[in-house]
Every structure is written in C-alpha cells, then in structure tokens.
Amino acid sequence: MHELGLARSIAAIAEENAHGRRIREVRVAIGPLACVERGALAFCWDLVTEETAVAGVSLGFLEAENDTFVVREIEFMEDS
Amino acid sequence: MCGICGCADPANEVSMTDPETGLKTLIRNEHEHEHGHNHAQAHDHHHEGDDAPHVHGPGGEVISLETAILGKNNEIATRNRGWFEGRGVIALNIVSSPGSGKTTLLEATIRRMRGRAEIAVIEGDQMTSNDAERIREAGARAIQINTGAGCHLEADMIASAVKSLDPAAGTILMIENVGNLVCPAMFDLGEKMKIAVISTTEGEDKPTKYPHMFRAVDWVVINKMDLAPHVDFDEASCRQNILDVNPKAEILCVSARTGDGMDAWCSRLANLLKEFARAGA
C-alpha cells in the first residue's frame, strides 16, 4: 500500500507551503509511468489528513507525462 | 487500519529487530507524521518576496509548485548513497515477488562467500523476523525491518538499520526488499544497484508483466533452475523477455538449492567488490 505513504508526503508538502493559510485543493500531476493508483491515493488522502491541518482539503489530479509525480498546484480558500 | 488491503493494526508501525539481541525498535508509528508548521495564527498574505508564483483564480489564490512527492525519500537515499560510498560499502537492493527464493539465495551466498567477503543483510518483510533469523544462522549479521502495512522499504528505514548494523568497509550490504514487483521500483534506498530475482516456477513472462521493475534493475538472477524441466521453463524466452524491457540487464541463472550457477554469481559479486575497491582507491 504505498499510496498511504505518498498521501502522507503530499499532506506534508501542502502544510509546508500553506504557511497557515487555508487550502481548498492540492493538485498533483501523475504520469502514466508513475505507478500511482489515483483511486487508492484519493482514499488514503482522506484517511491520512483526518484531524490534521489539511483535513477537508480536496485532492485534485492533473495529467502529466512519463513518471512525473509532483505536487503541481495549491489552491487556497478565497478568504485565506 | 489500512482499508484497502484490510490489514489490521499495528499495520502502520514500522519496526526494526536485531535477531542477535532480540531488541525491537520502533522506527515509525501511526502518529509519527509531524506537522512541521504548526502555526497558531495565519500569516498575512504577502506578495513581495513570495517564492512561489501564484495567480488569483475565480476561487482563491493558486500557487504553482513542482515539488517531487518522493523528494524526502530521495534526499535520504542520496545521503545513504554518500555514506555507503564514503564507508566503502556496496549496497544491493534485491527485489522480487514473494517466494522467488531471495532469502535462500542469500543464505547460500553467505555460506559460499565466507572468508572472501563480509556480507550483512537488511531484511524487509511486513511481519515476522523469520528471514533475519535464517540469515543469522547462515553466518551473517542481519537486521529485520517489519513494514507493517508497507509494501516496500524506504530510505529512512535503511538509514536506521545501517546505523544499527554499522557495516565495515568492504562489506556487501544486501537489502532484501519486501516481496513485491511493483512499489519497490519507485523508492530509491541509496543502493548501488537493484537486482531482481525471479524463479523458474513463476513463468517466463514476469519481466513483461512488471516492466517498471525490470527496467529499474541492473542484474536479473533466475533462480530455481533445478526445477526448470519440471515446470517447462523456457530459459531462452525468459532471457528475451528480460532484454526486451531492459537491453542492458545482466542475467545469471542459478539454483540456490543445488548450488548450480552459484560459483558464477559469487564470482560476479567478488568482482563487483574489486571494481568498487579500485574505483574508491
């Protein structure tokens, strides 16, 4: 279940870049060769963010090439 | 609890066991994930000097990043690699499906290489320290890592295990990854190279079914050659499948049980050690 660890890493990256602001969505770019299962990652995301600073933040997916696997965008709340 | 594979707690614990002392150390647990920036108050929204480019969309502000999600693992792997090179330790990341005979291959290797090379082993499995016990009985130092729900080893686990093993210069450090041909391909541990072990009983098409892994390795060991005639294993076709996905792969055929091909495998390891010593000198 490596998606669990990946979800934790994404949460840590989001928190580091939030500087305390409220995030609406974190968007990750996943290439076809990245070996990452989106459904499993989405499932793990809800699990690992529960009761953390990024609880309730949605996880979005962007198309990418090859083995790309990066956090590409963070969208903040309007009032944040 | 991992809701997908259904495994129960303490599934999210990662522990390390020294079979010599029986000492078990927790490397990670469920609540280990620390929140680096625990700001009690929100910051003002500065524009000047912000390091991330950002736009104001119809919703809130969007910042662009290209942060590698495996970046933390890769940083630790790079540190491990530097440490191995500095110390003069060859780290080999052994990957395979469960039951291909990795541990049997290592046991036979340790027995044959006695007096020729120092071998130490990091064993990765979800549960039990059976494999580390076997390695210890074969005469090498071993540390068992139990990954719980985890399906692969990560660089920080290797860093912890290496601290405990403290391998001497000239040691071949065999890292026996969790039996899995998918995820271990993604996670750099700081090894010199990955070696895949496949067995004749798995059929000839493993390399084409799991191309990511076979692309990531330098060597492929085909084990259980003694069983080849009984399971109609076609060696030529297997070799072709390996070379189709990875034309540079070096292929060795062995039977860890009968010892066939083990001399060639051990010589290859000894040569690796020599090359490494020369490069370091």
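Heavy atoms only: backbone and side chains are in, while hydrogens, waters and symmetry mates are out. Residue numbers begin at 1 in each chain, while the letters A, B, ... track the order of the sequences.
- Neither the backbone nor the side chain of A/Val54 comes within less than 4.5 Å of any heavy atom of chain B.
- Between B/Gln144 and B/Asp131, some side-chain heavy-atom pair lies under the 4.5 Å cut-off.
- Looking at A/Ile74, both its backbone and its side chain come within 4.5 Å of chain B, counting heavy atoms on both sides.
- Contacts of A/Ala29 with chain B are absent, with no heavy-atom separation under 4.5 Å from either backbone or side chain.
- Of the atoms belonging to A/Ile23, not a single heavy atom falls under 4.5 Å from chain B.
- We find the CD-CG distance between A/Glu37 and A/Leu6 to be 11.5 Å, quoted to the nearest 0.5 Å.
- The shortest side-chain heavy-atom distance between B/Glu123 and B/Thr103 falls under the 4.5 Å cut-off.
- Interface remark: A/Arg27 contributes side-chain atoms only to the contact with chain B (heavy atom separation under 4.5 Å).
- Electrostatic pairing of B/Lys192 and B/Asp218 does not count as a salt bridge here, judged by no charged N lying under 4.0 Å from a carboxylate O.
- Nearest heavy-atom pair across B/Met213 and B/Val182 is CE-O, 4.3 Å.
- With a threshold of 4.5 angstrom between heavy atoms, A/Arg72 approaches chain B through its backbone and through its side chain.
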